[in-house]
**Q** 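Below is one structure. I have some questions about it.
In what follows, every chain begins at residue 1, and chains take the letters A, B, ... in the order their sequences are listed. Scope of the values below: all heavy atoms of this structure, side chains included, with no hydrogens, waters or symmetry mates.
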Amino acid sequence: MDVSYILDQLNDAQRDAVTADSPGTLVLAGAGSGKTRVLVHRIAWKIQVEGLSPYSIMAVTFTNKAAREMRTRIEELLNNNVQGGMWVGTFHGLAHRLLKAHASEAGLPDNFQILDSDDQLRMMKRIHRELGLDDARWPPRQSCYFVNGHKDEGRRSAHIDDPGGDLYLQTMLRVYRRYEEICQQQGVIDFAELLLRALELWRDNPAVLSHYQQRFKHILVDEFQDTNAVQYAWLRILAGRGMPITAVGDDDQSIYGWRGARIENIQQFSKDFADTRIIRLEQNYRSTGTILSAANAVIQHNSQRLGKELWTSGEDGDPIALFAGFNEHDEARFVTDRIEELLKEDYRRADIGILYRSNAQSRVLEEALIRAGLPYRIYGGQRFYDRLEIKNALAYMRLIALRDDDTAVERVINTPTRGIGNATVETLRHYARDHQLSLWKAAVALVQSGGLAARAGNALRGFLSLVEDLAEKTAEMPLDEQVDYVLSHSGILDFHAREKGEKGQARVENLQELVSAARSFQPEDPEEDILRAFLDQAALDAGDQQADPHEDSVQLMTLHSAKGLEFPIVFMVGVEENLFPHKMSMDDPARLEEERRLAYVGITRAEQKLFLSYAESRRLHGQESFNSLSRFVREIPNELISEVRINNTVSRPTSFANGNLAAQAAAANGMALGQRVLHSIFGAGVVLSFEGQGPSARVQVNFEDEGSKWLVLQYANLQLL
DNA sequence: GAGCTACGTTTTTTT
DNA sequence: AACGTAGCTC
């Protein structure tokens, strides 16, 4: 068979990585070095050349998007559907699949449900109330961090040492225990639990483990630097007896340490998996030589690296542009001005990415883009399935599937309002706690025993029969009709329609969108209960975060969400000390290195042109701060950078450290930045910037009607207002 | 049950 | 600054 198509068009290192037959293979894939390509071609190689059955291959990713992309590209390359039976999915997705197949061995009910982060937080709030913890002193969110943090490290409450007299640990431990108890009682599991249970399933059931050890002949793991302790242990236990494993990752792009990812895993790999071969992909096909030199220079300042240097056979390209704005508005205006120029040069809006460290920075940029009439799209933000109205609707669906789901009961027992007030719910909670029952069972018991006032009892009975009725009437319906029926008969649709303003309208539209989602939903396994599959998907899949890719628009996102993407033009904004690196990360060397990796990720997103900008003064969270240029920019060699001046001429930077020079110069000339002034011809405006002194002193004024202009102070005759 | 006010929060995000 | 939430009142 001719398999040259698998190796054609690959460079030597890529070819090595695709064909390596070592038991352990660690591919250190630099940014833009063709990582996904190598993974996909390696799978094709295993199937077509080594003769592995797709059934015996497992490929793990972190996001559903990455999993989908891998599937599609395998399909394209192999030109048919030979991937049937292959396990391709996220860690969470595969763990879920495993637990469904072995629910009883894993100690779960057959119809267990997934608790997403929002559900988890609500559950935690209930536990705090039950344990009499004051939310002000004990924030429920912190308890979630505590529980998740320990689960990510593989520790259950029973594994945590006696905290002795430490009140904080004592309390957290009580919360953790109770949380575990309640989840078990209700048959719900959170995201971290999904992974931990899957690990324990294999650890404690040798027969189950051995089944999968015999089945799989090769494991491939994407973004290995993002694995946490439990994911790593899960892979180790499966591959334990010499199953070949390929890990692909980049230690320089590890940016999720704060949520449990352990960069050490990639360093540990060659020690834990026998005869590991390390292959480096260093040739970059994305960026210009200048951009790569900058990226290499920055990342070199990190210790603890496996070592890698990106190179390209392409052009050096343009220097990196650096702009110092007077404040964040000035910075935003620079960005939109530049975008308008670029659009005249044949770039499309979608070619442009604006990257920032924190979400709060987007607002000013958005305002500037709107003012300039530039369509934009923000990545990330709230998931479709996290919206209030959608969660309400899904809560009814969840109750149809599993009545014991307390989170769902709490959410909709009085939504829409049906006269079940707080007092009734509180009685219910007590009864449930005292009798170790779910809220649903407690409600049934209370209604039957008549232990409630007549009005409350009737209202509660109404809720119970509503849910029973929904379940009964929709049992035989196709999924979308079922959703539609639930929306209208639960009263949720009317409830949200009655909300005033555009909010209600938007919510109704989202609910209608939920019906369409149900209509086009295709379960992976047609045998499975479709409602359950739909609910699982809602919990595990973020849905399409980037709505409508058809409209040509500028792309805004955090540096974190930019990982894996690329743009011909990149603006990295807010490159200031305290913001980037973020001040929360500055005193810990390890976290500072993670910030630097984030800078590396940002720089390497750019294909042709990279713009860096910062604001000498920035208002954030209502606080004005004056920050100097980010150390990461100072780590880029000067000759790669050209400083952009406000009048759009370009020159070499004189000094980087002059954070507030303009303000000082202005003050020396009796002006202040931000000062309102009047010009005899141009009218009123605000002083934006200042430079020079004596007869050459120039001032930049943003006039209300004329826009911003540089004027020689001596001749401008400005009147202070 | 709606509307008001006071208060807390605000790094990064997936599953 | 801006937004969400909790708790209060009518």
**Q** For a quick test of reading the model: is some side-chain N or O of A/Ser561 closer than 4.0 Å to OP1 or OP2 of B/dT13?
**A**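 Yes, such a contact exists.
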**Q** Give the nucleotide from the list B/dT12, B/dT11, B/dT14 with an atom nearest to the side chain of A/Arg591.
**A**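 Nearest nucleotide to the side chain: B/dT11.
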**Q** Round to the nearest Å and state the distance from A/Tyr600 atom OH to B/dT12 atom P.
**A**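 To the nearest whole Å, that distance equals 24 Å.
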**Q** Starting from the 5' end of DNA chain B, give me the residue, A/Pro139 or A/His560, whose nearest nucleotide shows up first.
**A**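 Of the two residues, A/Pro139 wins.
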**Q** Do any side-chain nitrogens or oxygens of A/Thr417 fall under 4.0 Å of OP1 or OP2 in B/dG1?
**A**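 The answer is yes; a side-chain N or O of A/Thr417 sits under 4.0 Å from OP1 or OP2.
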**Q** Is A/His582 stacked on the base of B/dT11, with ring centres under 5.5 Å apart and planes under 30° apart?
**A**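 By the stated criterion, A/His582 and B/dT11 stack.
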**Q** Would you kindly give the CZ-to-P distance between A/Arg122 and C/dT5, to the nearest whole Å?
**A**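 Going from CZ in A/Arg122 over to P in C/dT5 covers 8 Å.
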**Q** Checking A/His128 against A/Ser143 for the side-chain hydrogen bond (donor to acceptor under 3.5 Å, both in side chains) test, could you report, in this order, the C-alpha distance in whole Å, the side-chain angles of both residues, the deciding distance, and whether it holds?
**A** CA-CA 9 Å; A/His128 278 216; A/Ser143 300; 2.7 Å; yes
**Q** Consider the side chain of A/Arg363, meaning its heavy atoms from C-beta on, and name the nucleotide among C/dA2, B/dT11, B/dT13 that approaches it most closely.
**A**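 Selected nucleotide (nearest to the side chain): C/dA2.
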**Q** Just to confirm, is there a sub-4.0 Å distance from OP1 or OP2 of B/dT13 to any side-chain nitrogen or oxygen of A/Asn359?
**A**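 It does, given that an N or O in the side chain of A/Asn359 lies less than 4.0 Å from OP1 or OP2 of B/dT13.
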**Q** How many Å lie between NE2 on A/His96 and P on B/dT15, as a whole number?
**A**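 It is 15 Å, rounded to the nearest whole Å.
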**Q** Do A/Val575 and A/Ser613 have side chains that approach each other closer than 4.5 Å (heavy atoms only, starting at C-beta)?
**A**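 Result no, sub-4.5 Å side-chain heavy-atom pair not found.
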**Q** Between A/Ile219 and A/Leu235, is there a side-chain heavy-atom distance shorter than 4.5 Å?
**A**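 Result yes, sub-4.5 Å side-chain heavy-atom pair found.
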**Q** Rounded to the Å, how far apart are A/Asn578 CG and B/dT12 C1'?
**A**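 Atom CG in A/Asn578 sits about 16 Å away from atom C1' in B/dT12.
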**Q** Quick one: A/Asn414 CG to B/dA2 P, roughly how many Å, whole number?
**A**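 Nearest whole value for this atom pair: 10 Å.
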**Q** Can you confirm whether A/Tyr179 sits close enough to A/Asp190 that some side-chain heavy atom of one is under 4.5 Å from a side-chain heavy atom of the other?
**A**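 The answer is yes; the side chains approach within 4.5 Å.
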**Q** Quick one: does A/Thr417's side chain have a donor or acceptor within less than 3.5 Å of a partner on A/Gly419's backbone?
**A**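 No.
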**Q** Ignoring the backbone of A/Arg357, work out which of B/dT15, B/dT12, B/dT10 is nearest its side chain.
**A**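 Selected nucleotide: B/dT12.
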**Q** Of all the choices, B/dT15, B/dT12, B/dG1, which nucleotide is nearest to the side chain of A/Ser358 once you look at every atom?
**A**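 Of the options given, the side chain of A/Ser358 lies nearest B/dT12.
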**Q** Start at the 5' end of DNA chain B and walk down; is the nucleotide closest to A/Glu594 or to A/Pro416 reached first?
**A**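 Nearest nucleotide further toward 5': that of A/Pro416.
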**Q** Using the side-chain heavy atoms of A/Arg259, tell me which of these nucleotides is nearest: C/dA2, B/dT13, B/dT11.
**A**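 The closest nucleotide is B/dT13.
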**Q** Less than 4.5 Å apart, any side-chain heavy atom of A/Gln231 and any of A/Asn265?
**A**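 Answer no - side chains too far apart.
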**Q** Ring centres within less than 5.5 Å and planes less than 30° apart: is that true of A/Trp258 and B/dT12 in this structure?
**A**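 Base of B/dT12: stacked against A/Trp258.
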**Q** Please state how far atom CG in A/Leu355 lies from atom P in B/dT11, giving the value in whole angstrom units.
**A**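 Value for this atom pair: 20 Å.
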**Q** Remember a base hit wins even if backbone is also touched, and classify A/Ser117 as base, sugar-phosphate or nothing at under 4.0 Å, heavy atoms.
**A**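 Contact class for A/Ser117: base.
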**Q** Identify whether any heavy atom of A/Lys125 sits under 4.0 Å from a base atom; if not, whether one sits that close to sugar-phosphate; answer base, sugar-phosphate or nothing.
**A**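 Sugar-phosphate contact only.
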**Q** Name the nucleic acid region contacted by A/Phe91, choosing base, sugar-phosphate or nothing; use a 4.0 angstrom heavy-atom cut-off, strictly under.
**A**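 It contacts nothing in the nucleic acid.
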**Q** Can you tell me the distance, in whole Å, between the CG atom of A/Leu388 and the C1' atom of C/dT5?
**A**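 These atoms are roughly 12 Å apart.
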**Q** Could you tell me how far apart A/Gln361 (CD) and B/dT10 (P) are, to the nearest whole angstrom?
**A**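 Computing the A/Gln361:CD to B/dT10:P distance gives 16 Å.
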